[in-house]
Every structure is written in C-alpha cells, then in structure tokens.
Amino acid sequence: METRNGYKVYPLTAAQKFHFYYLEHCPKKEVVNVGTSLTIEYDIDINVLRDSIYKAYERCEAMRLRFAYDRTEKQWYQYVVDKEDREIEYVDFSHGSMEEAEEVMRGWTRVPFEREDSPMNRVVMIKTPDGNKGVYLLADHLILDAQSLICFLRDVIEIYCSTMFEGIEYPREMRSYIEQLEKDLAYEAGSRAQQKDREYFYKLIEQSEPIYNGIDGPAALEEERKTNPGARAAQFISRNVESALDIFHLEGEPTARLMSFCQEQHISLQCLLIMGIRTYLQKMNGNDDVSINVAYARRATLAEKKSGGTRIHSFPFRTIIPQDKTFLEGIHIIRDSQNETFRHTDFDPVEYFSYRRKLYPVEPGRTYEPMSLTYQPLTLKDKGLSKLGDISYKTKWYPNGATTQAMYLTVMHRPADNGLDFNFEHQVEAISRERLEYFYYYLCRIMFKGIENPGLKISEIIHLV
C-alpha cells in the first residue's frame with residue numbers, strides 16, 4: 001500500500017506496534033483508549049472554544065491520523081487527512097451530579113474506536129455540575145500519549161486565550177508529525193543508531209537472567225518453583241483483563257520536599273520513585289536484584305515534544321543494589337543507569353522482549369517485572385493556563401476498564417497544588433485496592449525516610465520502615 005483515499009501512507013512505528021502487540025491479545029479493544037477531562041472555573045464562550053479546537057486540529061497532524069489495513073500484506077498503515085470538520089459536541093451536565101457526569105464520561109472512555117479509515121479521537125465540550133466548562137478528550141493510544149494529550153489541550157487553551165484576551169500572543173506552531181515519523185522510520189530501517197542500541201540492550205539481556213520480586217513477597221515465585229525448581233519468573237497477571245483505577249493523593253507540601261531533594265541532588269523524581277519502589281520490593285522479597293518496567297517518553301527535542309503522536313517505549317529496568325549501600329548511593333546507581341538507558345530508548349521494545357524470551361525461555365504469562373512505572377512531569381500548569389491568572393481548573397482521568405498488566409503506576413502532578421497523584425491501574429483479580437494502599441504507604445515511608453536520612457544504609461531504612 002502506497003496511498004489511501006488520496007493520502008500517502010506510512011508504516012507503523014515501533015511505539016505503535018507495541019500497543020498493537022497487546023491489543024491483539026486483549027479481548028477488550030478499549031484497552032488502548034485514553035480518556036481525560038479539563039474543566040475551568042470560568043465562563044468559557046462555547047463558540048470560541050469550538051473554533052479553538054478546530055484550529056488546534058489544524059495545527060496537529062497526529063490528531064488527524066487514520067489507519068488502514070492492507071489485507072494482502074497483512075499490515076497496518078497510517079496516514080494524515082487534511083482537516084477535521086466533524087461536529088464537536090457540547091454536553092451540559094449541570095442539571096445532574098458530578099458522580100453522574102463522571103459515570104457518563106467513564107462510559108465514553110470504554111467505547112473502542114473503529115480502527116480503519118476512522119477518526120481516532122473524540123473531543124466533547126462539557127459543562128459540569130460545579131459550573132466549570134471545558135473539554136473531555138478521548139483518544140486511541142496509537143495516536144497519542146500523556147505528553148501529546150497535554151500538549152494538545154494546552155494548545156486549545158492558548159488559542160482560546162489569545163482570541164479572548166488582549167495582549168496574549170497566539171501560541172507558536174506545533175511541529176510536523178509526519179517529519180518526525182519519517183525520522184523514526186529511517187532509524188528503524190537498519191540505521192547505525194539502531195544497531196548500536198540493539199547491541200546495548202542485547203548485551204544487557206545476556207548478562208544474566210532477572211528474578212521476579214512480588215508486590216506481596218516471594219509467594220508467587222515459590223509457587224512457580226514447586227513445579228520448576230530453578231524458576232526465576234512467575235505468574236502475576238490475571239486472565240481476566242478487567243481493571244480498576246485507584247488514585248492516592250500526596251499533598252503539595254510533602255511533594256515539595258521530594259522535589260527539593262531531587263533538585264539538591266540533581267536527580268529526577270523518576271529516579272527517586274524507582275529507588276522507593278525497588279527498596280520496597282527488596283524489603284518484601286529479600287533480593288538485591290530487582291526489575292520493574294519503566295516507560296520513557298522519548299521527547300528530548302522540541303520537534304519530539306510538539307509533534308504529537310505516541311512515542312512511549314517501555315523497557316525493564318533492572319538494578320542490583322546491595323543493602324549495605326546507602327540510600328543516596330542507590331539513587332546515584334539508578335541515575336547513572338537511567339542516563340545510560342535514555343540514550344538507547346529508540347529501540348523497539350517488542351524486539352527487546354522477544355530476544356529475552358528466546359534467551360531465557362519461560363512459559364506464557366510468566367514475567368520478571370511485577371509492575372510498570374510512568375512519571376509524567378509535564379502539566380498544564382507549566383505554561384498553558386497561567387494566562388488565566390489564579391482561575392482554578394480541574395483535570396480527571398477516566399479508566400477504560402481493561403489492562404493487560406497486573407499493575408501500572410502513573411505518577412502525575414495535580415494542577416491545584418502541584419501535589420502528586422499516584423494513579424494505580426490494576427487488574428482487579430490480580431491485586432486489590434487494600435494491597436495497593438499497603439504498597440503506597442510503604443513506598444512513601446521509604447522515600448521520605450530516605451530523603452531525610454540519605455546517608456542511611458538501605459538495610460537500615462528497610463528495618464526502620
């Protein structure tokens with residue numbers, strides 16, 4: 001296939017194929033849906049908001065993506081249409097309760113998109129029972145990730161502000177999705193950079209087999225070893241992909257203490273979160289060797305940041321940190337290893353997992369990583385809504401009701417006070433909310449004990465918490 005409906009088509013990227021990889025094995029196709037709402041405590045002009053959304057569509061090629069399936073080649077392709085002129089709905093929820101409004105939006109989030117020659121997002125202008133106005137955005141993960149979602153919503157608001165308020169400049173142009181796509185495809189077509197990344201990850205995989213560390217301790221691995229005495233992988237995921245989203249809130253002041261520590265030590269919050277999680281798993285399982293999956297946004301350049309689309313690659317991140325190391329030494333080990341990994345994250349995660357499975361054959365459903373972590377530093381508060389002064393706004397994420405992973409933690413900053421929200425999406429049969437509360441409680445205790453006493457040995461922190 002070279003063209004579709006008069007438009008040039010392109011193969012899927014590795015990031016998109018990664019989503020297809022689990023989509024094809026999941027009975028609930030809404031598993032790739034991403035739903036969120038942004039509402040503002042301001043009397044927004046709905047007609048100007050609608051025009052702002054259309055202009056944001058014009059500026060963002062990725063939001064005009066379509067997919068097409070070549071039945072001869074048995075491959076999916078993508079293309080960008082010239083414009084979005086479909087109707088943008090307005091739904092007034094003000095006559096009901098917030099719970100009823102959110103239930104409706106949860107319902108919207110659980111409806112999968114038609115995949116072929118069809119829009120892969122939906123924008124609805126809304127008025128909520130608290131009097132706020134704004135938008136609900138639903139998109140397929142193959143065209144959008146958290147950063148591009150925030151970038152699009154920010155563009156809508158900045159266009160609106162420049163239209164309604166004097167002295168506010170029109171936002172700078174977005175970058176071309178197609179140009180970035182062509183760069184990604186050139187990398188994936190056997191480039192020298194790809195080969196260097198392959199050599200890096202293959203060497204990492206070949207060092208030794210990882211070992212599973214359970215959220216609940218070693219029980220799952222011990223069960224596996226009843227039939228396979230040498231097992232290092234275990235089964236944690238459930239066959240039932242039904243999921244729930246449980247959110248725990250860390251207030252602004254303690255969040256500020258975490259951020260201050262990170263700034264003083266020249267580390268990212270992601271490094272601190274990884275240190276907290278791996279120390280918890282080390283405490284529960286007695287292993288110094290710990291692996292979790294970590295998502296990487298791959299948006300280092302301005303073109304990558306503003307071109308939209310989905311760019312997340314997720315890889316296992318393994319650290320072997322003895323308990324006689326200090327908390328700060330452990331963080332520095334993580335920081336150095338993360339910095340090295342960042343340089344190679346354009347590599348295809350599906351090839352990574354395929355090679356590891358070939359080297360260390362395990363039965364289907366077995367894994368070494370009990371969870372995945374995403375830290376999302378980008379917020380609307382950074383820039384987009386500052387033009388509205390002190391006017392408050394709310395954001396809310398809506399679960400799609402399905403996940404192929406037992407536990408996926410996304411940590412994001414809250415707009416109201418810049419505190420942290422710990423968003424746990426989890427399979428309801430694999431892990432309970434009560435277990436998540438326990439995990440979250442000890443994760444926070446470990447992080448705060450560590451930043452208050454960074455010279456303590458890991459063994460001492462494990463004992464104290």
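The pair Glu363-Arg366 meets the salt-bridge criterion, with a side-chain N (NZ, NE, NH1 or NH2) lying under 4.0 Å from an Asp/Glu carboxylate O. Taking 4.0 Å as the cut-off between side-chain N and carboxylate O, Asp145 and Arg298 do not count as a salt-bridged pair.
Under the 4.5 Å side-chain criterion, counting only non-hydrogen atoms from C-beta, Thr279 is not in contact with Lys449. In this structure, Tyr136 and Ile126 have side chains that are in contact, with non-hydrogen atoms separated by less than 4.5 Å. Annotation: side chain of Arg318 is not in contact with side chain of Leu204 (no heavy-atom distance under 4.5 Å). At least one side-chain heavy atom of Gln180 sits less than 4.5 Å from a side-chain heavy atom of Glu304.
Taking the six-membered ring where tryptophan is involved, the planes of Tyr442 and Tyr280 are tilted, since the angle between them lies from 30° to 60°.
The two residues Gly419 and Thr255 come nearest to each other via the heavy atoms CA-OG1, 3.5 Å.
For the pairing with Tyr352, the ring pair (Phe, Tyr, Trp, His ring centres under 6.0 Å) check across Phe315, Tyr202, Tyr200, Phe317 returns one residue only, Phe315. Screening Tyr441, Phe439, Phe424 against Phe248 for a ring pair (Phe, Tyr, Trp, His ring centres under 6.0 Å) leaves a single residue, Phe424.
Side-chain contact of Asp197 with Tyr187: a donor-acceptor pair under 3.5 Å is present, judged by distance alone.
Heavy-atom contacts from other residues, nucleotides or ligands closer than 6.0 Å to NZ of Lys457 number 12 or fewer.
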(message) If you apply the rule side chain to side chain contact (heavy atoms under 4.5 Å, CB included), what do you find for Arg357 with Phe353, and how did you get there?
(response) CA-CA 6 Å; Arg357 194 175 300 111; Phe353 286 107; 4.2 Å; yes
